[in-house]
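This report refers to the structure that appears directly beneath it.
These numbers were taken from a predicted model, which means no experiment stands behind them.
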Amino acid sequence: MTQLQAYRKEIDAIDEQLIRLFNKRMDIARSIALFKLKNDHKILDGKREQDIIRKARDQSARAELKPYQESLFKHLVALSRDYQKLLINKSK
């Protein structure tokens, strides 16, 4: 196995973990959507979203990764929000 193949194998293993965690996160987003629907809460909680993004950026292990980590979490938050919208609109 070449060094490149070894790196790629590590990336593949990490991707598998990310997929499991993403699915778990979206399952919780689903539960949140159902709670919001039942309790008449708005989908968007801008302060909460900003807090998640800021926390992710601030917890970056390396300064040069901060903008990438922030971007990743902006996308995660947007995906969760979009999924919640889908679920709530289907339930109406």
Side-chain angles (χ1 to χ4, degrees):
M1 177 181 297
T2 68
Q3 187 63 50
L4 179 58
Q5 289 171 323
Y7 288 144
R8 287 179 174 167
K9 188 173 181 178
E10 284 185 70
I11 289 286
D12 290 345
I14 291 167
D15 287 349
E16 288 176 17
Q17 292 175 41
L18 287 171
I19 290 165
R20 281 194 301 279
L21 290 171
F22 176 76
N23 281 291
K24 186 174 182 178
R25 190 180 202 287
M26 295 304 273
D27 286 344
I28 295 168
R30 181 182 188 282
S31 297
I32 291 169
L34 296 175
F35 177 89
K36 287 178 178 180
L37 179 65
K38 182 179 177 183
N39 295 283
D40 199 32
H41 286 269
K42 293 180 181 177
I43 295 169
L44 176 64
D45 184 344
K47 182 178 178 341
R48 170 74 177 148
E49 290 187 8
Q50 289 176 352
D51 288 345
I52 291 168
I53 294 162
R54 179 189 41 76
K55 184 177 167 184
R57 181 189 61 240
D58 292 348
Q59 291 180 350
S60 181
R62 298 194 321 253
E64 74 266 18
L65 295 180
K66 283 183 185 259
Y68 300 104
Q69 201 155 310
E70 181 176 359
S71 178
L72 171 64
F73 276 82
K74 281 181 181 178
H75 288 293
L76 279 173
V77 166
L79 290 169
S80 293
R81 184 180 349 101
D82 289 348
Y83 184 49
Q84 288 180 31
K85 284 179 189 176
L86 173 74
L87 294 169
I88 287 174
N89 289 334
K90 279 176 127 178
S91 298
K92 289 183 179 181

Where Q84 and A29 come nearest, the two heavy atoms and their spacing = CG-O, 3.5 Å
note = When rounded to the nearest 0.5 Å, the distance separating NZ of K74 from CD of Q69 is 13.0 Å
Euclidean distance, K66 NZ relative to R57 CZ, rounded to 0.5 Å = 7.0 Å
request  = State plainly whether one hydrophobic cluster holds both I32 and I88, where clusters connect Ile, Leu, Val, Met, Phe, Trp and Tyr through side-chain heavy atoms under 4.5 angstrom apart.
outcome  = no
message = Is there a side-chain contact between T2 and Y7 in this structure, where contact means two heavy atoms from C-beta onward sitting under 4.5 Å apart?
response = no
Solution key, residues 8-16 side-chain donor-acceptor pairs under 3.5 Å, sequence neighbours excluded:
none

Residues that F35 engages under side chain to side chain contact (heavy atoms under 4.5 Å, CB included), provided they are two or more places apart = N39, H41
key: Linked, directly or transitively: I28 and F73 (ILVMFWY side chains, under 4.5 Å)   = no
inquiry  = Same cluster or not: L86 versus M26, using hydrophobic residues (I, L, V, M, F, W, Y) connected whenever any side-chain heavy atoms lie under 4.5 Å apart?
reply    = yes
task = Could you tell me whether the side chain of Q50 reaches within less than 4.5 Å of the side chain of I53, counting heavy atoms only?
result = no
key: Inter- and intrachain pairs under salt bridge (charged side-chain N to carboxylate O under 4.0 Å, His left out), touching residues 27-52, at least two apart   = K47-D51, E49-R81, D51-R54
key: Any side-chain heavy-atom pair of D82 and K85 under 4.5 Å   = yes
request  = Using modelled atom types only, decide if a donor and an acceptor are shared between the side chain of S91 and the backbone of L87 within a distance under 3.5 Å.
outcome  = yes
request  = Could you state whether L79 and L72 fall into the same hydrophobic cluster, counting links through intermediate Ile, Leu, Val, Met, Phe, Trp or Tyr residues with side-chain heavy atoms under 4.5 angstrom apart?
outcome  = yes
